[in-house]
Amino acid sequence: MQRTVYADNAATTRLSEKAFEAMKPYFCEYFGNASSLYKLGGQSQKAVDNARMVIAQCINAPQPNNIYFTSGGSESDNWAIKGAAELGEKKGKKHIISSKFEHHAVLHTLEYLEKHGFEVTLLDVHEDGIVRPDELEKAIRDDTALVTIMFANNEIGTIQPIKELAGIAHKHGAVFHTDAVQAVGTVPIDVQDLGVDLLSMSSHKFHGPKGMGALYMRKGIRLPNLIHGGGQERGLRAGTENTAGIVGMSVALKESVDNMAERNIRLEKMRDRLIDGLLKIERSRINGDRINRLPGNVNMCFEGIEGESLLLMLDLQGISASSGSACTSGSLDPSHVLLAIGLPHEIAHGSLRLTFSDENTEEDIDHILSAVPKIVERLREMSPLWEKIVKESI
Amino acid sequence: MAYSEKVMDHFANPRNVGEMPDADGIGEVGNSKCGDIMKMYIKVKDDVITDVSFKTFGCGAAIATSSMATELVKGKPIDEALKLTNKAVMEALDGLPPVKVHCSVLAEQAIKAALSDYYKKQGIDPEPIVGKATECDECHFE
């Protein structure tokens, strides 16, 4: 049988067995509404309370009630940004700072706010994919309501100096939010040490169920209601709790945090071996800083070929990966992340993202290292662009 | 988005791929900024396309449409090859996802560009025969 390698863990992860088992009783057995008074409801309430406490501990939030459950990362980002904008507007502050390579859940929310009279400044992320604190210092103004910078980039995995950025935002009286969807459960997060006001997370990125997320909200910040209705989530986000999802999320996060240190040593070793191996391919490059990046993230460009055909060829060999090429995005422009780090269009089209989790092995890396160079060679053989590149370099 | 079996077959086993050193006409369309370049080579004898090959930089659909277009014109008289439409290429591939239709347009244009080049090399103005070279509507970059 053909070997299959799942190398797209930044897109989503497999649900952990432990989380799956923990969720099961909350579908048919303990199905009660957490808001109900009788025992059956109480059991659900207890499960939700416990999960909130576990998640709070995993990111070192001072109180369980700093954690608000949502449907996922996009909802958390939308709530944090629109909510903080509304709070700012009340004080006459209508300026927001973010970065050029945020997730679309952030960038498109900011575009929406621009249409509603907000002014947005997007900070440069430079060739290494890292925001510079001194540039935030220069861009920040008295009327800056919010600074929102992602913890780690979803495509190139580069980790941002969040603590320093949050400090600058606070010095100037702005709220600080971080989209930590790629980071929670992957690298250590301590919200108190970081000093962030708001932090978004998504369950399915750390082997929890899909359709679940949370927003950390520091005490002292009270965002406006996201969903009006019942009193759930301290009245801010109405709707009957997804008990099974909440339980699954907390179990998966606890598991990810518990084996983090050991796992990351292993993943970094695998990542570095893969990067070194793929860099042996002529005219290849690693995208984003090599050191300040997520332990399981590899993002490369191979000149003269196009990413979608590379992905299809990899799929034929049992390898699931992703690309920032225009063809995979359904638009004509390649990934805004790769353009933000200064890659020209024709090189950005030839990108490959491989992202790993605890479930990947050294054998997976071997399989990828044996497949990719042959595929790149085959695609280059039929590429008129590669022909041009070779001719021009002679 | 999923490709048909035929698209995947022409992508994984492209027909008539490679350079043709003694080509009578060479046409290149698309640009690297868009992410698609197609280059077609033709050999002509007595107004018949006796051989054809291609090189393509692009997505799965770009490679598959190039491959299919070469199959559709190989051994055909020029006047028949000139009637090749992007629709015919798509139909022969059992359809393309909507965002990939432009790839079939490029394939049609690449064949026409190779024929234009052939006529130019013969000292014949290609425009009355092949028509004006058109650009892919979606590829207007500055």
Side-chain angles (χ1 to χ4, degrees), chain A residues 2 11 283 301-335 338-339 343-352 371 374-392, chain B residues 1-3 5 7-21 26-41 53-67 70 96-103 106 110 113-114 136-142:
Chain A
Q2 193 190 32
R283 286 184 180 265
C301 278
F302 306 102
E303 286 183 41
I305 65 166
E306 193 282 325
E308 192 211 76
S309 44
L310 176 58
L311 291 191
L312 289 171
M313 291 268 182
L314 283 169
D315 190 29
L316 291 171
Q317 302 209 24
I319 300 166
S320 309
S322 84
S323 168
S325 97
C327 291
T328 54
S329 71
S331 80
L332 281 169
D333 281 323
S335 135
L338 299 179
L339 296 180
L343 291 186
H345 277 67
E346 53 270 32
I347 292 178
H349 284 305
S351 79
L352 172 66
K374 285 179 218 152
I375 293 171
V376 170
E377 196 188 328
R378 186 163 170 219
L379 290 171
R380 280 176 173 174
E381 264 169 27
M382 65 167 97
S383 164
L385 179 60
W386 179 246
E387 190 186 308
K388 241 175 248 170
I389 292 167
V390 171
K391 265 185 202 151
E392 278 165 16
Chain B
M1 186 193 75
Y3 286 131
E5 269 177 45
V7 172
M8 281 311 290
D9 176 36
H10 275 262
F11 166 73
N13 313 291
R15 280 62 149 178
N16 310 310
V17 64
E19 265 178 83
M20 195 187 285
I26 301 173
E28 188 179 306
V29 294
N31 66 61
S32 59
K33 212 174 171 187
C34 278
D36 296 296
I37 303 175
M38 283 184 200
K39 199 168 177 180
M40 294 275 182
Y41 305 82
S53 70
F54 79 92
K55 280 183 94 171
T56 289
F57 158 76
C59 61
I63 291 170
T65 52
S66 311
S67 167
T70 60
L96 284 175
V99 292
K100 301 293 185 183
V101 172
H102 75 279
C103 293
L106 274 182
C136 175
D137 290 341
E138 297 174 63
C139 299
H140 289 303
F141 284 106
E142 285 311 309

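Here is how names work: the chains are called A, B, and so on, in the same order as the sequence lines, proteins then strands, and each is numbered from 1.
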TODO: Please round to the nearest 0.5 Å and tell me the distance separating atom CD of A:Glu387 and atom CD of B:Glu28.
DONE: 8.0 Å

Task: Point-to-point distance, once rounded to the nearest 0.5 Å, from CD of B:Glu19 to CD of A:Glu381 - done: 11.0 Å

Task: More than 12 heavy atoms of other groups within 6.0 Å of B:Glu5 CD - done: no

Task: Pairwise side-chain contact, B:Ile63 with A:Glu306, heavy-atom cut-off 4.5 Å (strictly under) - done: no

TODO: Counting only heavy atoms closer than 4.5 Å, note whether A:Ile305 contacts chain B via side chain, backbone, both or neither.
DONE: backbone

TODO: Kindly give the heavy-atom pair with the smallest separation between A:Ser383 and B:Phe57, and that separation in Å.
DONE: OG-CB, 3.5 Å

Open item on the list: Under 4.5 Å from any heavy atom of chain A, what part of B:Ala62 do you find: side chain, backbone, both or neither?
Closed with: neither

TODO: Please answer whether the main-chain N or O of B:Gly60 pairs with a side-chain N or O of A:Glu308 as donor and acceptor at a distance below 3.5 Å.
DONE: yes

Task: Point-to-point distance, once rounded to the nearest 0.5 Å, from CE of A:Met382 to OG of B:Ser66 - done: 9.5 Å

Open item on the list: Rounded to the nearest 0.5 Å, what separates atom CG in A:Leu385 from atom CG in B:Asn31?
Closed with: 10.0 Å

Task: Polar side-chain atom of A:His345 near backbone of B:Cys34 as donor-acceptor pair, under 3.5 Å - done: no

